[in-house]
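This report concerns only the one structure given below.
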There are 2 protein chains.
Amino acid sequence: MMKSVFKALNDSSRREILEILRLGDATAGEISDRFNMSKPSISHHLDLLRQADLVSSKKKGQFVVYSINLLALDETISWFQMFKPESIAEKPRIRIPLSQY
Amino acid sequence: MMKSVFKALNDSSRREILEILRLGDATAGEISDRFNMSKPSISHHLDLLRQADLVSSKKKGQFVVYSINLLALDETISWFQMFKPESIAEKPRIRIPLSQY
DNA sequence: TATTTAATTAGTTATTTGTATAATTAAACA
DNA sequence: TGTTTAATTATACAAATAACTAATTAAATA
């Protein structure tokens with residue numbers, strides 16, 4: 001839901017977490033090491049990102065590994081597309097077989 | 001700046017205002033007529049949208065006409081693209097002369 | 001010029017939010 | 001099994017936010 005997505009994105013620490021996860025999965029501890037902020041605060045930020053489905057998490061033994069959810073980002077982009085007037089750039093792309101080039 | 005954009009988008013009334021302006025320009029009064037909310041509150045929402053450059057405004061006599069700023073929406077979409085791994089879909093589109101179809 | 005209309009600015013208040021510390025859960029291991 | 005490590009949950013509090021009413025600005029017009 002877009003409400004939770006925009007809520008999650010309305011914080012620079014959370015946006016920074018996404019930029020970290022963009023480069024690869026990371027545990028909660030690895031993420032919190034990148035910030036001057038308590039672990040519980042980071043945990044809370046991760047929770048909001050998860051509520052927005054922007055990240056997913058998976059327990060690995062003692063650790064919790066977080067991953068970015070690219071699908072949710074695509075859906076968010078789609079929400080923005082609603083505002084764009086019809087234009088060639090957005091029409092379904094015509095795919096030409098590679099052999100033609 | 002993305003900070004002000006996400007701040008502006010993190011409110012359902014402001015998102016609704018964008019959806020109204022998507023259909024065409026409107027005065028502050030026309031916009032506030034669509035809400036069960038005081039005029040000053042709407043004025044404040046419009047101010048935040050303007051700070052984020054998501055809308056522009058122009059005085060027309062006694063009225064203030066608001067317009068959606070599609071360019072800012074494009075820039076926001078670009079911000080999201082940063083997260084997407086390189087893929088064919090995002091590479092610059094190869095344009096084929098119409099005569100080929 | 002006095003009044004009406006459109007909109008914003010000023011000031012207030014209840015709610016939400018971001019952060020911290022303390023307490024708890026759960027896994028690893030000596 | 002007792003201790004350490006990783007992470008979350010619980011709780012509290014200051015700061016930010018969204019809403020309101022009242023006051024102000026500015027344009028139109030009787």
Side-chain angles (χ1 to χ4, degrees), chain A residues 1-21 23-69 72 76, chain B residues 1-21 23-69 72 76:
Chain A
M1 203 209 205
M2 293 315 300
K3 191 184 171 92
S4 59
V5 169
F6 288 122
K7 178 175 178 168
L9 292 173
N10 186 32
D11 178 274
S12 61
S13 299
R14 291 193 289 269
R15 291 194 298 274
E16 210 175 318
I17 290 173
L18 286 183
E19 294 191 28
I20 289 167
L21 293 178
L23 304 176
D25 296 354
T27 67
E30 286 167 341
I31 293 165
S32 90
D33 286 346
R34 305 283 223 95
F35 292 86
N36 280 330
M37 195 182 286
S38 71
K39 246 165 184 283
S41 295
I42 294 293
S43 193
H44 176 237
H45 285 313
L46 287 167
D47 186 44
L48 287 178
L49 287 167
R50 206 152 31 69
Q51 281 177 37
D53 202 36
L54 288 167
V55 307
S56 60
S57 65
K58 194 176 177 186
K59 187 129 199 184
K60 282 267 171 100
Q62 204 173 7
F63 302 87
V64 177
V65 178
Y66 284 85
S67 316
I68 197 167
N69 180 3
T76 305
Chain B
M1 203 208 203
M2 293 315 299
K3 191 184 171 91
S4 58
V5 169
F6 287 123
K7 178 177 177 166
L9 291 173
N10 186 31
D11 179 275
S12 62
S13 299
R14 290 194 288 268
R15 292 194 297 274
E16 210 175 317
I17 290 173
L18 285 183
E19 294 192 28
I20 289 168
L21 292 179
L23 304 176
D25 295 354
T27 66
E30 286 167 343
I31 293 165
S32 90
D33 286 347
R34 304 281 223 96
F35 292 85
N36 280 330
M37 194 182 287
S38 70
K39 244 164 184 288
S41 295
I42 294 295
S43 193
H44 176 239
H45 286 313
L46 288 167
D47 186 43
L48 288 178
L49 287 167
R50 206 151 33 69
Q51 281 177 40
D53 202 35
L54 288 166
V55 308
S56 59
S57 65
K58 195 176 175 185
K59 188 131 198 182
K60 283 266 171 103
Q62 203 172 11
F63 302 88
V64 177
V65 177
Y66 283 86
S67 316
I68 197 167
N69 180 3
T76 305

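Proteins come first, then strands; the chains are lettered A, B, ... in the order of their sequence lines, and each starts at number 1. Values reported hereafter were calculated over all heavy atoms of this structure, with side chains retained and with hydrogens, waters and symmetry mates removed.
When rounded to the nearest whole Å, the span between CG of A/N10 and P of C/dT17 equals 9 Å. Rounded to whole angstrom, the span from the CG atom of A/L9 across to the P atom of C/dT17 amounts to 14 Å. When the C1' atom of C/dT8 is taken as reference, atom CD1 of B/I42 falls 13 Å away, rounded to whole Å. Between the P atom of C/dT9 and the NZ atom of B/K39 lies a distance of 13 Å, rounded to the nearest Å. Separating the CD atom of A/Q62 from the C1' atom of C/dA26 is a distance of 8 Å, rounded to the nearest angstrom. In this entry the distance linking CD of A/Q51 with C1' of C/dG18 reads 14 Å, nearest Å. Computed from coordinates, the A/H44 NE2 to C/dT21 C1' distance equals 15 Å when rounded to whole Å.
Along DNA chain C, the nucleotide nearest to A/K60 and the one nearest to A/P40 differ in position, and the one closer to the 5' end is contacted by A/P40.
At a threshold of 4.0 angstrom between heavy atoms, the contacts of B/I31 with the nucleic acid are absent. When heavy atoms are screened at a 4.0 angstrom cut-off, B/F35 is found touching no nucleic acid atom at all. Across all strands, A/D11 comes closer than 4.0 Å only to sugar-phosphate atoms, never to a base (heavy-atom distances). Among the heavy atoms of the strands lying under 4.0 Å from B/T27 are primed sugar atoms or P, OP1, OP2 only; no base atom is included.
Between A/H45 and C/dT17, a side-chain N or O to OP1/OP2 separation shorter than 4.0 Å is absent. Between A/S38 and C/dA20, a side-chain N or O to OP1/OP2 separation shorter than 4.0 Å is present. Regarding contacts with the backbone of C/dT19, every side-chain N or O of A/S41 stays at 4.0 angstrom or more from both OP1 and OP2.
At a threshold of 4.5 Å between non-hydrogen side-chain atoms, the residues A/T27 and A/V65 count as touching. Side chains of A/F6 and B/R15 form a contact here, defined as non-hydrogen atoms less than 4.5 Å apart. A/Q51 has its side chain out of reach of A/K7: every pair of non-hydrogen atoms, C-beta onward, lies at least 4.5 Å apart. Taking 4.5 Å as the limit, every side-chain heavy atom of B/E16 sits out of range of all side-chain heavy atoms of B/R34.
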Under the criterion side-chain contact (heavy atoms from CB on, under 4.5 Å), I'd like the reasoning laid out for A/Y66 against A/E30: C-alpha separation, chi angles, the key distance, then a yes or no.
CA-CA 10 Å; A/Y66 284 85; A/E30 286 167 341; over 6 Å; no

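Using a 4.0 Å cutoff to heavy atoms of chain B, the contacted part of DNA chain D runs 5' to 3' from D/dT17 to D/dA28.
Nearest nucleotide to the side chain of B/S43, out of C/dT8, C/dG18, C/dA20: C/dT8.
Each of B/L49, B/D47, B/L48 was evaluated against B/V55; a single residue qualifies, B/L49, per the side chain to side chain contact (heavy atoms under 4.5 Å, CB included) test.
The distance from the CE atom of A/M2 to the CG atom of A/L9 is 8.0 Å, given to the nearest 0.5 Å.
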